[in-house]
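In what follows, a structure is listed as structure tokens, so that the remarks can point back to it.
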Amino acid sequence: MVAGELVQEHTRAETTGAPDDIGNITAGKVPELRNGTVVPNETPDQYTVLESRDEAAYQLMGPNTRALEQEIPPDEREAMLPKGGGGGGGGGGGEEENAEEKKCLETRLYWRRFAVLAIFSLYSLVNSFQWIQYSIITNIFSNYYSVSSAQVDWLSIVYMVAYIPLIFPATWILDKKGLKLTALMGAGLNCVGAWVKCASVSRDLFGVTMFAQIICSVAQVFILGLPSRIASVWFGPKEVSTACATAVLGNQLGTAIGFLLPPVLVPNTPEDFELMGHNIKVMFYGTAIISSVLFILTVIIIKDRPTLPPSYAQAVLPDSPPEDYSYWQSIANLFQNKAFLLLLISYGIMTGSFYSVSTLLNQMIMACYKQQELNAGRIGLTLVVAGMVGSIICGLWLDYTKTYKMTTLMVYILSFLGMVIFTFTLDLKNIYLVFFTAGVLGFFMTGYLPLGFEFGVEITYPESEGTSSGLLNAFAQIFGIIFTLIQGQLTTVYNPLAGNLFLCAWIFLGILLTALIKSELKRNNINISVEGKQPVPTECPQEGSTKETTMGAKLENSVSFSHETSV
């Protein structure tokens, strides 16, 4: 049985006026169906009426029912749902069997989810650290390897270039082989790349360090799309957004440490290249040892999914993909979703701007403030740490309010204002003011990252979380490459003001695109409808698509349900 049959069964029950029989099996009895009419076996008790959500019967039970409603535990772990098929109307073969059989869907939260989240966040941290460790001391690596600043920039840009072609095989592996293999590939390649860097500490081995960075960039492909997947598969509906924000937090923390540690570990000693090489070696070997420990922990801790699903939205998805499941059809479904297409572009603009600012921060600071390598790293740290705080606050806010579009739009607007302020205060010869404006910019710009992931999952459910997140990241890398190259050229030829104004114009366009997104919270509607609450109002049905209603929530027809989010 696929989850689409659940949707069809419930739709027929609602449209024909048949009572919802979800609660009628609480006493182990199934109502008899005679010519499409329900004949109850006995008078239902108050709990049966409550669980059936039959409004007329509910009102007849009077105030006692209201009291009982409050006595039902809020964290109920079971939901009795129709298995599919018959109902009150037509259906294919096996109609009589499906009309009377029910399936008990249990949900449970495991303590292991915190260990899975922690291990993923830590090796994501190391990968992000390796991305930015060159850029923040561009002048030092340029001098050590005797290469140009543009060549050093490519040690960061390669992360973005590698992601674009590899995201499709990476999400296919996640879709077909599961979370654990994907996590092992991310942690393993990250470890290999770190050890190859240890062999590149020689002034004539820039090619080796570039090769090592390419390996790390491939590892990133198996990392960036996992936060929403881990959050959905391991965490309950009241904590899923916070979990996603925490998973993204690891990547942001790695960037923060990447801004802070390299200037401290590798000070600028242009008169002593032997000492410079020794310092670089210390940084590389420390990263490699930590990566190895995290790879071992990944092997031990991370699993594909818990034994029981954490939410009803996960429970109603099939255990395995149907025979006609097509990964490429799932991709096509996402590109036919107009709301998701708008989110792809707006997310790409915002995240690409963050990548560009992070990569070129050292050059911008050094152009305005001479001999300030340490402060450039500290400003980058301020930018990312403020963003980490913003990410957690946004995640908690989403879990509490479920106001995805409003929150995303407001954060986008505030990011634009932060970018404008940063742009016009950068060259005022006040380094402490730059610390403040960078913190404001980071709070909103970096805090936006988990919002895009979670918003994407909501408007594309039941399609794969890994696939939607992967596409969002792919567009972020595309825009990141374009923005970094153009802003870098504008900064070099003109000044940092020209490059930052270029980003401001694009972020303003992103605000307009975000405002056009019509929000349809499909995953959230599944969870709250099973719990007996009213669903969040939905909008933005796809043109030309047939919509079905499941437990009060609209879902677009897909060819199949992704194995990636199955339980």
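K197 places none of its side-chain heavy atoms less than 4.5 Å from the side chain of K281. Side-chain contact between Q220 and Q130 is absent, with no heavy atoms from C-beta onward closer than 4.5 Å.
In this structure, L381 CG and N375 CG are separated by 11.5 Å, a value rounded to the nearest 0.5 Å. The CG atom of L125 lies 8.5 Å from the OG1 atom of T255; values are rounded to the nearest 0.5 Å.
The two residues L334 and F340 have their closest heavy-atom pair at O-CD2, 3.5 Å. Of all heavy-atom pairs between T171 and F168, the closest is OG1-O, 3.1 Å. Between P237 and P310, the closest heavy-atom pair is CD-O, 3.8 Å. What you find for A515 and K405 is that their closest heavy atoms are O-NZ, 3.1 Å. Annotation for F235 and V240: closest pair CB-CA, 4.3 Å, computed over non-hydrogen atoms.
Inspection of the Q363 and D153 side chains reveals an N or O donor paired with an N or O acceptor under 3.5 Å. There is a side-chain donor-acceptor pair under 3.5 Å between S156 and T359. Side-chain atoms of W506 and S353 include no donor-acceptor pair closer than 3.5 Å. Of the N and O atoms on the side chains of Y134 and T209, at least one donor lies less than 3.5 Å from an acceptor on the other residue.
When the shell of 6.0 Å around OH of Y494 is examined, it contains 12 or fewer heavy atoms from other residues, nucleotides or ligands. With a 6.0 Å radius and a threshold of 12 heavy atoms from other residues, nucleotides or ligands, Y369 has its OH atom above the threshold. Dense packing is recorded around CZ of F502, with more than 12 heavy atoms of other residues, nucleotides or ligands lying under 6.0 Å away.
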Throw together a table of side-chain donor-acceptor distances under 3.5 angstrom for residues 420-428, partners on residues two or more places apart or in other chains.
| residue | atom | partner | partner atom | Å |
| --- | --- | --- | --- | --- |
| T423 | OG1 | M419 | O | 2.7 |
| T425 | OG1 | I421 | O | 2.7 |
| D427 | OD1 | K429 | NZ | 3.3 |

Tell me which donor-acceptor pairs under 3.5 Å the side chains of residues 264-272 have, and how far apart each pair is, sequence neighbours excluded?
| residue | atom | partner | partner atom | Å |
| --- | --- | --- | --- | --- |
| T269 | OG1 | D272 | O | 3.3 |
| D272 | OD1 | E274 | N | 3.3 |
| D272 | OD1 | L275 | N | 3.1 |

